[in-house]
Every structure is written in structure tokens, then in C-alpha cells.
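Notes to accompany the following structure.
Note that this is a predicted model, so its numbers are computed, not measured. Residue numbers start from 1 in every chain, and the chains themselves are labelled A, B, ... in the order their sequence lines are given, proteins ahead of strands.
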Amino acid sequence: MAEKLGGTTERASRPSGWRRDCLSGGFMSELIESHADLASLSKEERLARMRHSAAHVLAEAMVELMPGAELGIGPPIDTGFYYDFRLPRPLTNEDLAWLEERMRQSIAGHHPFQMASITKAEAAEHWKDQPFKLDLLSELDEGNVTQCTHAHFTDLCRGGHVNDTGDIPQSFKLMSIAGAYWRGSEKNPQLQRVYGALFETAEDLAAYEEHLEEARRRDHRRIGRELELFELVDEIGPGHVVWLPAGATIRRELSRWIEDLEIEQGYLHVHTPNVAKRELYVRSGHWDHYQDAMYPIMERDGEEYVLRPMNCPSHIMVYEAAQHSYRELPIRIAELGDMHRWEKSGELTGMSRVRIMTLNDAHIFCADTDQVALEVENVLRLMEHVYGVLGLKNYSYRLSLGDPDDHEKYVDNPPMWAKGEDLLRRVLTRVGLPFTEAKGEAAFYGPKIDVQFETAAGKDETLVTVQVDFHLPNQFGLEYIGEDGARHQPIIVHRGVISTLERMVALLIEEYEGNFPLWLAPTQAVVIPIADRHVAYAEEVAAELRARRLRVTVDSRNERMQAKIRDHQLKKIPYMLVVGDREAEANAAALRVRGGENLGAIPVADILARLVTERDTRALVP
RNA sequence: GCCCGGGUGGCGCAAUUGGCAGCGCAACCGAUUUGUAAUCGGUAGGUUAGGGGUUCGAGUCCCCUCCCGGGCUCCA
């Protein structure tokens, strides 16, 4: 509740942003809420009021459970609400059950929510034992503030409630207990956050829980283990991915594909070392900003080395290896190289957040902003192509801007920022891609376009970025010889498309639920002999497919055909070729598609043609 | 890194107030020779994450470390 009350604030006119920023919730439409006709509100607004009101009810229950509870904030969120508390002891699951039951009673009690306006001085007196409320109060302008009372519970709050607790649906559930820093800053005390899910109907709540269940089914960590794609083993270290043969096959196919696409687009692939002198990153500025997130220094014979956290400086060295004319630009340097970043232990997650990762990265050295615009446009088109082939849909573009007031985080050079931001905005508009803008999300040296993906679990992740960089060329004194014969400074475009192979494969596992399209599937087909006497023929069929570089195995285990089919179905193998007497006679195989469909006996030559076409066109479905 | 919750054969799980570490699947061996989602029988597999403590006795209680999960923070 950092806003002025009752007045016109910046946030009040920005409904899309209020949800995140709102401290104790609220709409600015009225100072003292009168009776609201909930049915006339939009569903979104009605839900927000229900959720925020539920947070009040949670706080009411908490104060009853622990009279010493200190109140933080309790806003609505996309799936419900949360409330932050500082408590004398850690919450338990039993507490959660008790709180939920107590909330249901309060809802059944139909207690009206009543707003009252009091002076700031009165509020300061009233909330003198609540340090977090006092902190909120300290940011409010002089004048009156509001607080909200229902039953015997009062909260400092700017509003946004339903009329009485009875308007809150019983279709809610307290989900989890989490730690959260006050005001989202590590420097502040950590509070205990209770998350609740709340929807208007029991059906909606059930659908949400089903959605969570679905996310668990798709979880790449689960599927990665079941399909033996990758492993994270203690002995090798957290965040250090071991790609098993099946996973490494997917990785290899993706790598070959993106490198071929880049070669078609005029990129030059290089290979640079995994280790470089610390001094290189001091010069680039990365050391200053990211040393805590780098592997520790290796020191020997008075020299200091680090594992490279990124390869911009290395590619700059490639550029500097020769003098360049304007005629050569743009020069596109690309590399699928390993990056090493000491992510905090709590940030590691499966393959989507790791410490050693292979990054699909490139640096495009441009002569001027016209060239930059053209190159960024080409990158965006390449992205659209790549994500289209992969069948990805749940992503969006974000223009990430700097923050002119934050000299700690960003290079201080306002004209440079304005130029870059304007340029990226223009290109996005020209290509016709919808995008949002976000202040304070840029790289330290320049603005960027981020591609944001929603994971199966519903979390927002940055897949790749495109950045315009005037800063590093300056740090390294890069130049090219212009048409006028004089020296000029190039501009660098940093870009990724596939992201890290780790994150992309994690994403694809969840997207496909392990059912990889044929071209990526580690094992593309299994030949299943019905009885021992068919094994030799099965091997012949497999050899024919392998001759066209299809990845095929023969299941000659001493098992019944049904058991083999079941096993390979669970392994999500795209095709099964069942061979018995009839098929051996006809040089055919009975083709079973992953979905379960049995196409019956088909000549091997036809099967071969079908699979090769499906693979070579990178078809998403058989 | 911080808060909370976890860690039992390869995987999924069980084990009463502290009292003989078990089950299913997978693996291996044998029998069976099978027509579109699990044939039958047998065998082997464990310092209960690691270390320390309490106890006659610890998977179980206490302490430390490591790792995993949910959040927070961060993400060049």
C-alpha cells in the first residue's frame, strides 16, 4: 500500500500492474467502499476482490492462532492469494489445516468488511506494534489512510473487498508455506508466506488442481528419469548435467539443426576455450557485476583464471584477430559453447536451471544502427521459424528496458540506452510481433528483447535474449575501417535462439510430455519379433532402416509380444514394427504408431519411406 | 544464499510407543514360443544420503554436513 489513498496515483491508472504491486490489495475507485454489486463487476475484478478478502480472513485466523503475529501484506495473485507474516515459530501443515477450517467459519459468519478513514497519526498509533505496517505507513503521503475491519480483525488496507465474508467462496484451499523477504529484498527480514488457491467455483478449483497434477506428469525431471535422458548425480555435483545416451541424441539433433540453420544465415562458427584469464572479464565489466555468480578463481604461477561464464569477450577476440572493413560487416560469430555460472544452490532446478550449460550464442558485429535493425529482424524471424518447427506456442516477447535511476545495476549513459531501446521497439513493431515492456529487466550494458516461456508448472522463464550493445565495443576499443577510410566503432548484437541445450530440452520434454517428434526421438522404432524364429527377419528389417540412418532396435527379449508393446509404449517409442510369419513372408511389418493405432502389415520399403519423410520434414506428429 | 519440508535396493513405496529392514516394478536365471499395453517360477540386490551423539537397542530421537523439493532472492 505504498500509494496515496483516494487521490490519483500512477498505479491507479494502470490496472494491469496493480496486482503485482499492490501491497495490501485494493482499488482506488472509492475512499470508503459502499456496497458493491459483485455481479456487475468483471470476473477478473470480482475474483481479485474475493481473493484479497480471503487474505484478510487468513490474517484474522492467523492472529487468533498466534496473537503475536506481525502482519505483512496480503494481495490477490493469479490463482488465489497469499499473506506474509512474521511469526514466533515456524508454521506446520497442521497449522494450515487449522487456519483453513477457521477461515471457513469466518466465511460462514457473513461478517461485513467495513472501511474507515483515519489520519496518518491515528494510524501510526494504532499500528505501533506492527513494524511492517508502520513501514508501509511511512511511505504514504500525509493525510488520511484507510483501514478495513471485519469481525474482530482490522487491517491497514486501501480497499478492494467483497461486501462481507460470505461473498468469499468456499472453493479455496491453503496450498503451501514459503519463505519470502519483506518487500522482496534479500536485505530485509524473511517472513513466512501462506499461499492459498481460490476460485469462484468448486469446478474451477478442481480444474486448477488437475492442472497442477498435469504439470507434475509433464515435469522434465520425472520424464527425464523414466526415459533415461539425463541424470544429476551427487558425485559430479549439483547443476552439472550428465546426458545419458538417449538425451545426448536429442541434444545432438538439436545442435546439428541449429548450426545448419545458422550456417545458412551466414554465421561463422568458432570454438573458444572454457577457461580464460580473470582480467578478460574485468575488462568487459562482467567481473564487477557477476563475480559472485562465477566459479572461484583458479590461481597458478601468479596467474588467475576463471571458467567462462559467457563468451562475449572471446568472440570479441575473434573479431579483433583481423582488421575489418565496412564491406565485411555484419560479421556473425557463433558458438555452441559451455558456460559456467555459480547459481545459488537454491536456484538450481533439474535441467532448466543448472551451473554448466551449453549456450546457443552468437555475436553480430554491425557497422551502424541500420544494420543492427536488419540483423535483429533476421534473428526474430529465425526464432519464429525455429519455435514453429518445434511446435512451441506458449511464449511471448518482452522488451526489457534499463532503469535510468539505477546506476548500480546499469551502465550510466542515457543517450545510449534511449537509442538501443528505441531501435528494438521499432524492429519488434516492424516484424509485427506482439510484445510487452518491462523496466529494470535489461542487461547491465544494454536493453534486450527477451523471449519469455511459460513452463508446464506455470512459471515464467527467459528462454533467450537479443541485445543491442554499444558498451562492450567501447570497453574493448573495437573498430572497423569505414567507407571514408576512417576508424569507426561497431555495434554488437548478442543473440540466442535455442537457449541452452539444457533449458531447451527441459522445455521440450514438458511440451511433448516425452513424446518427441520422430526426428528428435532417441529411439525412432523398435522391431518386435513375435517368436524366436522371427528374430533373424527382425534384424534384417532393422538393418534396412538403419541403412537410412534411422535409430532402430530389435526387442529379442524372451517376452510375450504384448509385454514388449507395453514396455515400448511406456518408453514413448514413435513406431513399433511387429513381425511374425505373415510379415516375414511378405517382406513387410505390422506398423503400430505411438498413439496406439495398428496400421497392419505394410511393405518395409513403404515404412522406410514414411519414416524418412517424417524425419526429414521434422513433422511434429506422425 | 535464505525460510519450510524431505532423503529407505536402479525406480515407486512400506516398516506400531525406539525392538529381526519389507513389497511391487526393473535386473539376472530357467520354463514357455507367444499376433497389438504386463506368461509362470526362481535368484540376487541395503553401512536406511554421510558423520557424530543419546540408548541394552536407532530407518525412527538429538546435532553437524551433503543432496533433493516448494517458495524468496538472483539470472551476463
Side-chain angles (χ1 to χ4, degrees), chain A residues 82 84 86-87 90-93 95-96 175-195 216 219 221-222 225-226 228 231-235 237-239 281 284-294 308-313 339 341-350 353 357 359 361 409 441-446 448 450 457 459 461-462 465 467 469 471-472 494 496 503 528-535 557-570 576-583 590-593 596-601:
Chain A
Y82 68 78
D84 288 345
R86 182 153 70 181
L87 304 170
L91 284 169
T92 64
N93 285 325
D95 292 331
L96 232 49
M175 303 296 283
S176 59
I177 305 156
Y181 298 108
W182 172 240
R183 289 178 174 251
S185 169
E186 268 184 304
K187 299 184 183 82
N188 290 336
Q190 194 164 48
L191 311 180
Q192 296 187 65
R193 174 173 296 178
V194 177
Y195 278 101
R216 276 189 281 275
D219 192 316
R221 293 166 293 193
R222 199 179 87 98
R225 183 165 51 241
E226 285 172 357
E228 297 175 87
E231 245 180 1
L232 288 155
V233 292
D234 289 2
E235 289 85 344
Y281 303 103
S284 71
H286 290 98
W287 179 257
D288 255 9
H289 283 263
Y290 299 109
Q291 55 182 288
D292 288 345
M294 289 166 69
R308 69 164 161 195
M310 30 72 61
N311 56 28
C312 326
M339 304 304 140
R341 298 179 183 178
W342 195 264
E343 307 287 6
K344 292 178 189 171
S345 57
E347 291 161 347
L348 301 173
T349 303
R353 192 79 186 268
M357 67 216 88
L359 185 66
D361 196 15
K409 194 169 167 186
E441 293 285 352
F444 76 85
Y445 50 75
K448 55 181 181 161
D450 290 320
K459 275 183 280 190
E461 260 184 5
T462 299
T465 66
Q467 299 160 23
D469 175 14
H471 176 70
L472 288 179
H494 306 238
R503 180 166 288 187
I528 299 175
I530 289 175
D532 286 350
R533 65 178 180 279
H534 307 122
V535 170
R557 287 178 305 160
N558 187 6
E559 281 290 348
R560 297 175 65 217
M561 179 199 64
Q562 283 93 332
K564 294 180 184 179
I565 287 176
R566 180 172 192 277
D567 289 348
H568 299 119
Q569 197 77 46
L570 291 174
M576 288 178 228
L577 283 67
V578 178
V579 295
D581 292 330
R582 297 200 294 271
E583 288 77 14
L591 190 63
R592 185 190 162 103
V593 189
E597 196 187 358
N598 177 13
L599 300 179

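Using a 4.0 Å cut-off between a side-chain N of Lys or Arg and a carboxylate O of Asp or Glu, A:E347 and A:R353 qualify as a salt bridge. The residues A:R533 and A:D581 are annotated as salt-bridged, a charged nitrogen and a carboxylate oxygen being separated by less than 4.0 angstrom.
Residue order along RNA chain B, read from the 5' end via each residue's closest nucleotide, puts A:R566 first among A:R566 and A:E347.
Straight-line distance between the C1' atoms of B:U73 and B:A37: roughly 46 Å, to the nearest whole Å. The P atoms of B:G57 and B:G12 are separated by 34 Å, rounded to the nearest whole Å. For B:C28 and B:C13, the P atoms lie 24 Å apart once the distance is rounded to whole Å.
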query = How does protein reach along nucleotides 60-69 of chain B, written 5' to 3' as B (base within reach of a heavy atom under 4.0 Å), S (only sugar-phosphate), or - (no contact)?
reply = -------SSS
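Proximity of A:R560 to the phosphate of B:U39: a side-chain N or O atom is located under 4.0 Å from OP1 or OP2. An OP1 or OP2 oxygen of B:G71 is reached within less than 4.0 angstrom by a side-chain nitrogen or oxygen of A:K459. Here A:K409 does not reach the OP1 or OP2 of B:A76: none of its side-chain N or O atoms lies under 4.0 Å away. Residue A:R225 places at least one side-chain N or O closer than 4.0 Å to OP1 or OP2 of B:G12. Note on A:Y195: a side-chain N or O is less than 4.0 Å away from OP1 or OP2 of B:C72.
A:L577 has its side chain out of reach of A:I528: every pair of non-hydrogen atoms, C-beta onward, lies at least 4.5 Å apart. Using a 4.5 Å heavy-atom threshold, the side chains of A:K564 and A:R557 count as touching.
At a cut-off of 3.5 angstrom, counting only N and O atoms as typed in the model, there is no donor on one side facing an acceptor on the other between the side-chain of A:Q562 and the base of B:U34. A donor and an acceptor atom sit less than 3.5 Å apart, one in the side chain of A:Q190 and one in the base of B:C2. The base of B:G35 sits within donor-acceptor range of the side chain of A:E583, with an N or O pair under 3.5 Å. One cannot find a donor-acceptor pair under 3.5 Å joining the base of B:C11 and the side-chain atoms of A:R222. With hydrogens and angles ignored, a donor-acceptor pair under 3.5 angstrom links the side chain of A:Y181 to the base of B:G1.
A:Y290 comes within contact range of at least one nucleobase, with a heavy-atom separation under 4.0 Å. A:A180 comes within contact range of the sugar-phosphate backbone alone, with a heavy-atom separation under 4.0 Å but no base atom that close. Using a 4.0 Å heavy-atom criterion, one finds that A:R533 contacts the sugar-phosphate atoms exclusively.
Taking the six-membered ring where tryptophan is involved, the planes of A:H289 and A:F444 are essentially parallel, since the angle between them stays under 30° and well short of 60°.
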Watson-Crick or G-U pairs under 3.5 Å in RNA chain B, rendered as dot-bracket with [ ] for crossing pairs and | for another strand = (((((((..((((.....[..)))).(((((.......))))).....(((((..]....))))))))))))....
key: Derivation of the side-chain contact (heavy atoms from CB on, under 4.5 Å) call for A:R592 and A:Q569   = CA-CA 10 Å; A:R592 185 190 162 103; A:Q569 197 77 46; 3.0 Å; yes
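Minimum heavy-atom separation, A:L348 to A:G239: CD1-N, 4.1 Å.
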